[in-house]
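The structure under discussion appears below in the form of C-alpha cells.
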Amino acid sequence: MSEFLNQNEINGLLDALKNIKPDTSSEDSGERKTIKIYDFKRPERITKQMIRELYQCAEAIASEFKKFISLEYDIVAKLNVVTIDQLTCEEFVRALPIPAPACCFTWMEGAGLFAMNPATFYNCFLGVNPLKKHEPKGLEKLLFAERLSNPFVNILHSNFSKNAKESLPEISDKTFENNPQFLFKHLFPTQMGVDIAFSVEVEGNEGMMNLFLNEECLKSLKATAFFSEGKTQNVVPLALPAPNTIVEVGRFRLEDGEALKEKFVYEANRLAGEPLDVFKNGTFVGKGEAVIVEDNNAVRIVTKANEIKQKCDDGFYNVKVIFGGLMTEDDEKFEEGCILELNEFVNEPLKIVRHNRVIGWGELVVVDESFGVKVVKAV
C-alpha cells in the first residue's frame, strides 16, 4: 500500500468532509450557566445580588471616610473597594499581617472586625516609615482607635442604617488588638462571613484595610430591609406545584412527642461528602453530588440506572433533612451525569420534615465527619 494519496483519493476525502455536519447537541441554546461543587464545610451564605448591594454600600462608606479624613486631618487620600469575598473567620484573620492594628466589635446578633495593614497605618496616615515591624503602642494605638477605627465604624453604622431605612442597633463592645489572631475569642473561627477589602493611597503610599462581617451579622441585616431579598413587596409569588422529586441530605430520629429545638444541632445518618439520596414519588431513583448552578442548589446524578437498588425504610430515622426539590417528567431517566436544578436558593434554609409535614428549617453543618442540621426555626 502506497504511503501517499493520489489526487482521486484526496478529492474523495474533501467531499466527505463537506458532508459532515457539526455536532451542536452539546451546545447550550441560551446562556451557559456556571456549575461548581457545593462545599459543605464552608457553604456560601450570601448570593451574588447581596454582594452587589454590599459593594454599593461599601463604596459609599469609602467615599464618606475619605471625606472625613480630608476635612478632619487635611489628608488627601484615594479609597476604593477592591473585592468582596466569602470566607471563614479563620481564613480572614490568618491572612492579615502581624502585627496589624485591628478592632473587633459586636453588632446586632453578630460581630465584625476592622483591620488595617501596617503600611497603611504608618505610611499613609502617620506619614512615617518605621525601620522594622513593631506593635502600635501608646499614642499610636490611641490614634488608631480614636482617630481612625471609631470614625470608620460610625460611618459604617450610619450608611448601613440608611440602606436598611431604619436605625440599626449601635455597634458596641469594641476591642483593640495588635495581633488579630487574639480576636478568635470574639469570632468563631469556622464561621463564614464576608471580607470587604479597601485600597488606600496617600501621596504615593499605598496600602489596604479590611472589614469583616460574620454570618450572624449578615443574618441580622437580612432581617431588616438592608438587602432587597428582605424587603416586603406587595407581590404574590407564582404558585408552583409540589415537587415530585426530593433530594435528602440525611435523616435523624425524634421520639414520639419530642419537639424540634431551635439552635440545637441534630446529627444526620450520613457522612459528610457522601452522595445525597434522590427520591421520586417516594421511590429511590439514585444518588447525587451537590452542586451550585448560579445561585441555586442542584444535584448531579452519580449512579448508573442499573446500579440502583430500592432502599429499605424501617422508619427508625423518622425526620428528613431536605436539600431541595423539583418537578421532573414522568419519563425522567436520572442518567449518570445529568444535573437537576432545584427550586431552592443556595443560602435558603433547609426544610426539616416529619411524616410529610414541615416541622422546621435549618442550616446544613458538618458535625465531626457527619452531616448535621442546625435548627433556625421550629414550627
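Keep in mind that what you see is a predicted model, and the values were worked out from it rather than measured. All values below come from the heavy atoms of this structure, side chains included, with hydrogens, waters and symmetry mates left out.
- Note on Glu248 versus Arg251: salt bridge recorded, some NZ/NE/NH1/NH2 to OD/OE distance being below 4.0 Å.
- Between Glu289 and Arg300, at least one side-chain nitrogen of the basic residue sits less than 4.0 Å from a carboxylate oxygen of the acidic one, meeting the salt-bridge criterion.
- Across all non-hydrogen atoms, the minimal contact from Ala378 to Val375 is N-CG1, 4.2 Å.
- For the pair His157 (side chain) and Leu168 (backbone), a donor-acceptor distance under 3.5 Å is present.
- A donor-acceptor contact closer than 3.5 angstrom is absent between the side chains of Ser161 and Glu166.
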Donor-acceptor contacts, no H, no angles, side chain residues 54-69, under 3.5 Å, sequence neighbours left out:
{"unit_1": "Tyr55", "atom_1": "OH", "unit_2": "Val81", "atom_2": "O", "d": "3.1"}
{"unit_1": "Glu64", "atom_1": "OE1", "unit_2": "Asn159", "atom_2": "ND2", "d": "3.0"}

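- Rounded to the nearest 0.5 angstrom, Ile98 CD1 and Glu177 CD are separated by 11.0 Å.
- Atom CZ of Phe284 has more than 12 heavy atoms from other residues, nucleotides or ligands within 6.0 Å.
- Lys287 and Glu274 are not joined by a salt bridge, as no carboxylate oxygen comes within less than 4.0 angstrom of a charged side-chain nitrogen.
- Contact record, Pro118 with Pro99: CG-O, 3.0 Å, taken as the closest heavy-atom pair.
- Inter-residue side-chain proximity for Phe160 and Leu213 is flagged as met; some heavy-atom pair is nearer than 4.5 Å.
- Taking a 6.0 Å sphere around CD of Glu307, one finds it holds more than 12 heavy atoms contributed by other residues, nucleotides or ligands.
- Once rounded to the nearest 0.5 Å, the distance linking CZ of Arg270 with OH of Tyr317 reads 11.5 Å.
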- Task: Evaluate the criterion side chain to side chain contact (heavy atoms under 4.5 Å, CB included) for residue pair Phe198 and Met208; output intermediate values, then yes/no.
- Result: CA-CA 6 Å; Phe198 301 85; Met208 298 289 295; over 6 Å; no
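- Here the CG atom belonging to Asn123 is positioned 11.5 Å from the CD atom belonging to Glu203, to the nearest 0.5 angstrom.
- Looking at heavy atoms from C-beta onward, Glu170 lies out of side-chain contact with Trp107 at the 4.5 angstrom threshold.
- Atom NZ of Lys311 sits in a crowded spot, with more than 12 heavy atoms from other residues, nucleotides or ligands closer than 6.0 Å.
- Side-chain atoms of Asn269 do not come within 3.5 Å of backbone N or O of Phe252 as any donor-acceptor pair.
- Taking both residues in full, the closest heavy atoms of Leu326 and Leu340 are given as CD1-CB, 4.0 Å, listed atom of the first, atom of the second, then distance.
- No side-chain donor-acceptor contact under 3.5 Å links Ser172 and Thr106.
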- Message: The test is side chain to side chain contact (heavy atoms under 4.5 Å, CB included); show your working for Asn244 and Thr328 and say whether it passes.
- Response: CA-CA 7 Å; Asn244 60 6; Thr328 57; 3.4 Å; yes
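- Linking Ile, Leu, Val, Met, Phe, Trp and Tyr residues whenever their side-chain heavy atoms come within less than 4.5 Å leaves Trp361 and Ile352 in two separate clusters.
- Residues Val247 and Asp277 fail the side-chain proximity criterion, which asks for heavy atoms closer than 4.5 Å.
- Residues Phe227 and Lys222 share a closest heavy-atom pair of CD1-CG, 3.6 Å.
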What donor-acceptor contacts under 3.5 angstrom involve side-chain atoms of residues 147-156, with partners at least two apart or in another chain?
{"unit_1": "Asn150", "atom_1": "OD1", "unit_2": "Lys174", "atom_2": "NZ", "d": "3.2"}
{"unit_1": "Asn150", "atom_1": "ND2", "unit_2": "Ala145", "atom_2": "O", "d": "3.3"}
{"unit_1": "Asn150", "atom_1": "ND2", "unit_2": "Glu146", "atom_2": "OE1", "d": "3.4"}
{"unit_1": "Asn154", "atom_1": "ND2", "unit_2": "Asn150", "atom_2": "O", "d": "3.2"}

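- The shortest non-hydrogen separation linking Asn178 to Pro101 is OD1-CA, 4.4 Å.
- Grouping the Ile, Leu, Val, Met, Phe, Trp and Tyr side chains by contacts below 4.5 angstrom, directly or via other members, places Val200 with Ile84.
- Residues Val249 and Ile322 fail the side-chain proximity criterion, which asks for heavy atoms closer than 4.5 Å.
- In this structure, Ser220 contributes its side chain and Glu216 its backbone to a donor-acceptor pair below 3.5 Å.
- Atom CG of Leu139 and atom CZ of Phe144 lie 14.0 Å apart (nearest 0.5 Å).
- Put simply, Val379 and Val376 are part of the same group of oily side chains (I, L, V, M, F, W, Y) that touch within less than 4.5 Å, one to the next.
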- Item | Derivation of the side-chain hydrogen bond (donor to acceptor under 3.5 Å, both in side chains) call for Ser228 and Glu53 | CA-CA 8 Å; Ser228 58; Glu53 293 172 9; 2.5 Å; yes
- Message: Before you tell me yes or no, could you show the steps for Leu221 and Met108 under side chain to side chain contact (heavy atoms under 4.5 Å, CB included), namely the whole-Å CA-CA distance, both residues' side-chain angles and the distance that decides it to 0.1 Å?
- Response: CA-CA 8 Å; Leu221 287 173; Met108 296 176 284; 3.7 Å; yes
- Task: Carefully, step by step, assess Glu344 and Asn297 under the rule side-chain hydrogen bond (donor to acceptor under 3.5 Å, both in side chains).
- Result: CA-CA 6 Å; Glu344 286 73 16; Asn297 287 339; 5.7 Å; no
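- Residues Leu218 and Val194 form a side-chain contact, since some pair of their non-hydrogen atoms from C-beta on lies under 4.5 Å apart.
- Atom CD in Gln191 sits 10.0 Å away from atom OG1 in Thr88 (nearest 0.5 Å).
- With Asp314 contributing its side chain and Phe316 its backbone, the two residues share a donor-acceptor pair below 3.5 Å.
- Note on Tyr73 and Met209: same hydrophobic cluster, where clusters join Ile, Leu, Val, Met, Phe, Trp and Tyr whose side-chain heavy atoms are under 4.5 Å apart, directly or indirectly.
- Donor-acceptor pairing under 3.5 Å is recorded for the side chains of Ser370 and Glu267.
- Side-chain contact between Asn117 and Pro97 is present, with heavy atoms from C-beta onward closer than 4.5 Å.
- Rounded to the nearest 0.5 angstrom, Thr120 OG1 and Tyr122 OH are separated by 12.0 Å.
- Asp173 is not listed as a side-chain neighbour of Phe105, based on a closest heavy-atom distance of 4.5 Å or more.
- In this structure, Arg354 forms no cation-pi arrangement with Tyr266, as its terminal cationic atom is not both closer than 6.0 Å to the ring centre and no more than 45° off the ring axis.
- Considering only heavy atoms from C-beta on, Val365 stays 4.5 Å or farther from Val373 through its side chain.
- Remark: of the listed residues Asn210, Thr83, Leu211, Leu211 is the sole one forming a side-chain contact (heavy atoms from CB on, under 4.5 Å) with Ile196.
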- Task: Check the pair Glu363 / Lys219 against salt bridge (Lys or Arg N to Asp or Glu O under 4.0 Å), numbers first and verdict last.
- Result: CA-CA 12 Å; Glu363 294 176 352; Lys219 286 180 186 176; 2.2 Å; yes
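- When atom types are taken as modelled, the side chain of Asn318 and the backbone of Leu254 share a donor-acceptor pair closer than 3.5 angstrom.
- When the side chains of ILVMFWY residues are joined at heavy-atom separations under 4.5 Å, either directly or via intervening members, Phe125 and Val76 end up in two distinct hydrophobic clusters.
- Looking at every heavy atom in both residues, Cys89 comes nearest to Phe212 through CA-CZ, 3.7 Å.
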- Query: Please walk me through it: do Val299 and Ile339 pass side chain to side chain contact (heavy atoms under 4.5 Å, CB included)?
  - Reply: CA-CA 6 Å; Val299 64; Ile339 293 177; over 6 Å; no
